[in-house]
Engineer: 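Before anything else, here's the structure in question.
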Amino acid sequence: MLQFSWLLLVLVFPLLVAIPTIFVIVRNFENPRLSPVPPLVLIVAVSLWCLSDAARLAVTGIEAKRALYPGYYLMGTVVVVSLFVFAADYTERTEWLEPSRLGLVTFPVLVSTGLEVTNFGSWTIESATTVTRNGVMVADVTWGPLFYLHHGLAYCFVAGAAFMFLTYETTNRHYRGQVRSIVGALTIPWFLNVAYLAGLTTFNYTSIGFAAALPIGVLMVFRYRILRLIPVARSSVVEEMDTGYLVLDRGDAVVDVNDRAAELLGMEPERLLGCDRDFLEATFPEIATAFDGGEGFDTITREEDGDERYYNVETSALGPGDDGTAPDTGSVVLFQDVTAQIEARRQLRDQKERLEEQNERLEEFASILSHDLRNPLSVADGRLELARDEYDSVHMEKIAEAHDRMDELISDALALARQGQTVLNREPVSLDRICRSAWENVDTGSATLEIVTDRTVSGDDSQLTQLFENLFRNAVEHGGPDVTVTVGDTDGGFFVADDGPGIPADQRDAVFEKGFTTSDTGTGFGLNIVETIADAHGWETTVTDSETGGVPASETSGGSEDERCASSGARFEFTGVTDAPDTDVGVESVPDAT
């Protein structure tokens, strides 16, 4: 016969919740460290334990009830063992998961379970009868010693799991929500089980406790994502991190050390434990300096795999609390690998020394150009003028041209040398002002300058003056005395264009190379200096056709369309230009030069 009780609904409830929970866990399990098997087995075992109790409650015959008790014994064993394995896995007590150790601790409970199932010698159930309580027929059992022995062994597993979780909480406070929910779920059914074993209740409400604890388990899975957000054990992090550390207590004795620190200090961890601060400072002067130094660190050097490595030794106090009233509880010494930083500083220092040496050589070279070469050239010019007074010849004119050529070469070479050593002094520079100033510095003859920009850029005034001087000189040299040079805006910068013959497409990549020139009088350095100055400012330089000086054909006057198109000219574009903030840059008014 079967009977109905409201308790049946409660005992069936875990199965209804467990099925979708198991489905979600299996479909969404992503943590590579934690095995999903123990929690899944635990959920299934709890559900079957509750179902076995529900079936035992539903039947009325004593023999039928006794026949269902083995399900209670078996599922109880599976629950406690899977709980213990889950706790060891979650808290990374991996030594308990070794087959030899796990088999040793589970052997007694497995034997007792087998004896319980067979009711060996009536040691599990001495007698059993049915009684009616609150209108429900239940079994009134007199339990034998094996029943209590088995429960004692089971409680060892429960206590072990609880100990793992509780001690783990103290070292992983950010995961207290997870750990406390686990312990809370454990407490409810085991408290009810203890009450039954102690005779405080006549009905075993353990399964009811599991049914009540199941919502907490669901909360752990979905609220705290217990199977996804698994904390890494402190021991794993500390032992595997590259930073060494020592912890000293309030009495300045070493109470904790990781393998990295022991390796750096050349001592076994066991020997370091218990050493006082005096011993450490006497044996390792760097630690003494770290404790006494104002900045709290010193550097030690160690040879590893044939290479030198450097470690900063830093000290700091442990405590006080947030309110600042609690005394210090000790101190920690950290050994931080700073080899990369020291090597980077060393490379920067070497690079600085090389640059300083290069600057010194450039300075010597500039000095030779400006004094040792120009002085004899000046003497030669003076002697040439005196010679012309006594003897006039076409050869004298050629000598004068050669002197001018030498002076241009010296000026360009000096400019190149100084570009290599000049540090940019960025300031707001008006293109209008600097172009007019540069135009006056160049022998432009009857050439025309048109400025169609009011842009103010961030740059070095002296270098930009030279940039425009070289561009204007190049335009006059190749475009003739009547060339028109236009300076205007372009996307992201400005351009300098002329209406001269232009630069053939196959030569545009070569015009910025040192020594490249198509003129008999050119030095081949002018446009290279232009590109060098632009690069120093972080600008990009390109050369194209100017399309009649950079001004659209519709805006030009005079001449046929064919004539305008035939005079393509050269156009130098500078992009990536940084505009200066709005400010008064002191623009000087310079008349147009023609």
Engineer: Please examine the side chains of V313 and F284, heavy atoms only from C-beta on, and report whether any two atoms are closer than 4.5 Å.
Structural biologist: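 A side-chain contact under 4.5 Å is absent here.
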Engineer: For side chain to side chain donor-acceptor pair (under 3.5 Å), just list the numbers for S430 and D432, CA-CA rounded to whole Å, side-chain angles, deciding distance to a tenth of an Å, and then say yes or no.
Structural biologist: CA-CA 5 Å; S430 166; D432 182 280; 5.1 Å; no
Engineer: Is E531 close to V543 at the side-chain level, that is, under 4.5 Å between some pair of heavy atoms?
Structural biologist: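 They are not in side-chain contact.
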Engineer: Tell me whether S458 contacts the main-chain N or O of P428 through its side chain, where contact means a donor paired with an acceptor under 3.5 Å.
Structural biologist: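 No, S458 side chain to P428 backbone: no donor-acceptor pair under 3.5 Å.
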Engineer: I need the E477 CD to D443 CG distance, nearest 0.5 Å.
Structural biologist: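 Rounded to the nearest 0.5 Å, the CD-CG separation comes out at 11.5 Å.
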Engineer: Tell me the closest heavy-atom pair linking V429 and G459, and the distance in Å.
Structural biologist: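 For V429 and G459, the tightest heavy-atom pair comes out as CG2-O, 3.5 Å.
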Engineer: If you compare all heavy atoms of A387 against all heavy atoms of M396, which two are closest, and at what distance to 0.1 Å?
Structural biologist: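 Taking every non-hydrogen atom into account, CB-CE, 3.8 Å.
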Engineer: Quick one: are R260 and T243 in side-chain contact, heavy atoms under 4.5 Å?
Structural biologist: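 A side-chain contact is absent here, since even the closest heavy-atom pair is not under 4.5 Å.
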Engineer: Show your reasoning for whether salt bridge (charged side-chain N to carboxylate O under 4.0 Å, His left out) applies to R354 and E357.
Structural biologist: CA-CA 5 Å; R354 289 195 299 269; E357 293 176 359; over 6 Å; no
Engineer: Evaluate D489 against V452 for side chain to side chain contact (heavy atoms under 4.5 Å, CB included), listing each step before the verdict.
Structural biologist: CA-CA 7 Å; D489 290 328; V452 290; over 6 Å; no
Engineer: For side chain to side chain contact (heavy atoms under 4.5 Å, CB included), just list the numbers for F572 and V530, CA-CA rounded to whole Å, side-chain angles, deciding distance to a tenth of an Å, and then say yes or no.
Structural biologist: CA-CA 10 Å; F572 295 87; V530 169; 5.8 Å; no
Engineer: State, with a plain yes or no, whether a side-chain heavy atom of L431 is found less than 4.5 Å away from one of V457.
Structural biologist: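 Touching, per the 4.5 Å side-chain cut-off.
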Engineer: Looking only at heavy atoms, which two atoms of R426 and H537 are closest? And how far apart?
Structural biologist: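 So the minimum-distance heavy-atom pair works out to NH2-O, 2.8 Å.
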Engineer: Supply the atom-to-atom distance F468 CZ to R436 CZ, rounded to the nearest 0.5 angstrom.
Structural biologist: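 The distance works out to 12.5 Å.
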Engineer: When you compare the side chain of T453 with that of F495, does any pair of heavy atoms fall below 4.5 Å?
Structural biologist: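 Answer no - side chains too far apart.
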Engineer: Is it true that R388 and E385 make a salt bridge, defined as a side-chain N closer than 4.0 Å to a carboxylate O?
Structural biologist: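 Judged by the 4.0 Å cut-off on N to carboxylate O distance, R388 and E385 do form a salt bridge.
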Engineer: CG of L471 to OG1 of T541: how many Å apart, nearest 0.5 Å?
Structural biologist: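 That separation rounds to 9.0 Å.
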Engineer: To the nearest 0.5 Å, what is the distance between CD (E469) and SG (C435)?
Structural biologist: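 So the CD of E469 and the SG of C435 are separated by 11.0 Å.
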Engineer: Using a 6.0 Å cut-off, check whether atom CD of E540 has over 12 heavy atoms from anything other than its own residue.
Structural biologist: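 At most 12 heavy atoms, drawn from other residues, nucleotides or ligands, come within 6.0 Å of this atom.
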Engineer: Whether the side chain of D89 engages the backbone of S35 through a donor-acceptor N/O pair (distance < 3.5 Å, no angle test) should be reported.
Structural biologist: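 Side chain of D89 to backbone of S35: a pair is present.
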Engineer: Would you say D499's side chain and T484's backbone share a donor-acceptor pair under 3.5 angstrom?
Structural biologist: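 A pair under 3.5 Å: yes.
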Engineer: Nearest 0.5 angstrom please: E427 CD to T456 OG1, how far?
Structural biologist: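 So the CD of E427 and the OG1 of T456 are separated by 11.5 Å.
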Engineer: Can you give me the closest heavy-atom contact between P501 and G479, atom names plus distance?
Structural biologist: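 Taking every non-hydrogen atom into account, CD-CA, 3.8 Å.
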Engineer: Looking at D350, I want to see if its CG is surrounded by more than 12 non-hydrogen atoms of other residues, nucleotides or ligands under 6.0 Å.
Structural biologist: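 Counting neighbours around CG of D350, more than 12 heavy atoms of other residues, nucleotides or ligands fall under 6.0 Å, so yes.
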Engineer: Looking at side-chain heavy atoms only, is the closest gap between F574 and I533 below 4.5 Å?
Structural biologist: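 When only atoms from C-beta onward are counted, I533 and F574 do not touch, as no gap falls below 4.5 Å.
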Engineer: Which atoms form the tightest heavy-atom contact between V254 and L246, and what is the distance?
Structural biologist: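 The answer is CG1-CD2, 4.2 Å.
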Engineer: In the structure I gave you, are the side-chain heavy atoms of F335 and N258 within less than 4.5 Å of one another anywhere?
Structural biologist: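 When only atoms from C-beta onward are counted, N258 and F335 do not touch, as no gap falls below 4.5 Å.
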Engineer: When you compare the side chain of L280 with that of L248, does any pair of heavy atoms fall below 4.5 Å?
Structural biologist: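 When only atoms from C-beta onward are counted, L280 and L248 do touch, with a gap below 4.5 Å.
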Engineer: Which atoms form the tightest heavy-atom contact between T575 and D491, and what is the distance?
Structural biologist: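 Distance-wise, the nearest heavy atoms are CG2-O, 3.6 Å.
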Engineer: State the CG-OG1 distance between D498 and T448, to the nearest 0.5 angstrom.
Structural biologist: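 Result: 12.0 Å between the selected atoms.
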